[in-house]
Asker: 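The structure's right below; bear with me while I get my questions together.
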Amino acid sequence: MVLNDKLRTGEILPLMESFHSLQGEGYHSGLPAYFIRLGGCDIGCHWCDVKQSWDFKKYSLISVENIVEKVVTNIDNIIITGGEPLMWNMDLLTNTLKAKNKKTHLETSGAYKISGDWDWFCLSPKKNKLPTEESFTRADELKVIIYNKHDLEFAENCAKNVNKGCSLFLQPEWGKKDVAMSLIVNYIVKNPKWKISLQIHKYLNIP
Ligand code: SF4
């Protein structure tokens with residue numbers, strides 16, 4: 001099988017980095033986790049804090065077996081992030097992790113077809129490329145990044161599309177956090193279905 005076929009089937013993936021840390025954002029904030037960050041994203045958010053992930057060609061294509069081998073065994077929760085992981089076929093990676101009794105968490109913009117078997121699906125929609133209907137329906141958590149007041153309206157429109165049990169979070173964009181934080185706090189007080197998500201890993205200065 002040629003390299004491109006293996007990438008298409010998800011047997012190899014562009015691994016940007018993998019590390020253990022704490023989940024810094026959203027519903028599982030503070031949870032010890034192992035992160036697998038995959039290269040590749042074409043959404044193009046101007047405030048993206050991992051722009052180095054966009055071009056997957058910068059990263060080595062690693063077999064799923066080798067990616068999973070590195071996973072620290074005493075950590076149960078594995079967070080697959082990017083980049084945009086759903087640009088790739090996640091079936092083999094998630095099945096291999098689950099065979100090792102790991103919980104699989106996804107961080108995604110939801111703009112691509114869903115693959116993989118997920119215990120937790122965190123949807124962070126982006127205006128540049130909207131989530132699919134399937135992603136809205138599947139989301140366990142909706143996390144909308146707030147850069148300015150217009151994003152609050154975007155957040156409400158997204159919230160109309162998720163299921164009733166989906167947890168709703170507003171997260172200040174880090175570079176604008178002072179302004180965004182006060183927008184969010186004022187908004188949540190009036191709209192208590194939302195909670196705030198802070199990027200605690202950035203405050204703690206951990207990866
Ligand atoms: Fe960056 Fe995520 Fe936006 Fe892609 S979807 S550009 S990785 S913030």
Side-chain angles (χ1 to χ4, degrees), residues 7 10 13-19 21 23-29 33-62 67 78-90 93 104-116 118 120-136 138-148 150-155 157-159 161-162 166 168-177 179-181 183-184 196-203 207:
L7 186 58
L13 293 164
L15 179 67
M16 187 176 158
E17 57 179 349
S18 62
F19 54 92
S21 186
Q23 168 60 295
E25 308 178 359
Y27 186 90
H28 288 109
S29 214
Y34 192 84
F35 289 77
I36 295 173
R37 187 185 298 284
L38 300 174
C41 185
D42 64 355
I43 309 289
C45 308
H46 65 92
W47 41 258
C48 177
D49 58 0
V50 275
K51 287 189 171 130
Q52 64 280 23
S53 71
W54 291 5
D55 181 6
F56 80 91
K57 294 193 192 80
K58 291 199 301 202
Y59 303 104
S60 304
L61 296 169
I62 311 285
I67 293 173
I78 313 300
I79 298 176
I80 316 296
T81 186
E84 173 44 71
L86 290 184
M87 284 180 74
W88 313 112
N89 186 332
M90 292 286 96
L93 178 59
T104 53
H105 297 229
L106 173 67
E107 300 276 337
T108 180
S109 66
Y112 284 87
K113 186 176 172 343
I114 299 175
S115 56
W118 302 104
W120 193 259
F121 192 104
C122 175
L123 172 64
S124 185
K126 305 298 182 318
K127 287 177 184 165
N128 290 2
K129 202 165 186 170
L130 294 173
T132 61
E133 201 180 321
E134 183 190 27
S135 290
F136 276 125
R138 177 62 190 82
D140 296 302
E141 171 182 1
L142 173 70
K143 183 175 67 186
V144 183
I145 312 303
I146 304 300
Y147 183 82
N148 60 35
H150 305 293
D151 295 327
L152 294 168
E153 199 183 320
F154 176 62
N157 285 332
C158 290
N161 294 307
V162 295
C166 181
L168 305 179
F169 289 91
L170 300 174
Q171 178 173 299
E173 194 283 311
W174 183 254
K176 284 266 180 186
K177 63 180 179 310
V179 177
M181 202 106 74
L183 278 175
I184 291 172
I196 195 165
S197 164
L198 299 174
Q199 293 182 292
I200 59 168
H201 54 294
K202 294 192 177 175
Y203 290 95

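Everything quoted here is computed from the prediction, not taken from an experiment. In listed order, ligands and their atoms are each counted from 1.
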Asker: Run the side-chain contact (heavy atoms from CB on, under 4.5 Å) check on Ile196 and Gln171 step by step: do they pass?
Answerer: CA-CA 6 Å; Ile196 195 165; Gln171 178 173 299; over 6 Å; no
Asker: Which protein N, O or S atoms does atom 4 (Fe) of ligand 1 have within a distance shorter than 2.8 Å?
Answerer: Cys41 SG
Asker: I want to check something: taking the side chain as every heavy atom from C-beta on, are Ile145 and Ser124 in contact at a cut-off of under 4.5 Å?
Answerer: yes
Asker: For Val50, check side-chain contact (heavy atoms from CB on, under 4.5 Å) against everything at least two apart and list the hits.
Answerer: Arg37, Cys48, Gln52, Ser53
Asker: Salt bridge (charged side-chain N to carboxylate O under 4.0 Å, His left out): which pairs involve residues 46-58, sequence neighbours left out?
Answerer: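 Every salt bridge (charged side-chain N to carboxylate O under 4.0 Å, His left out) pair that includes a residue of residues 46-58, provided the two are not neighbours, is Asp49-Lys202.
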Asker: Under the side-chain contact (heavy atoms from CB on, under 4.5 Å) test, which residues partner Cys122, sequence neighbours left out?
Answerer: Glu107, Trp120, Glu141, Lys143
Asker: Would the distance check show the side chain of Asp151 and the main-chain N or O of Asn148 forming a donor-acceptor pair, the cut-off being under 3.5 Å?
Answerer: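 It does hold such a pair.
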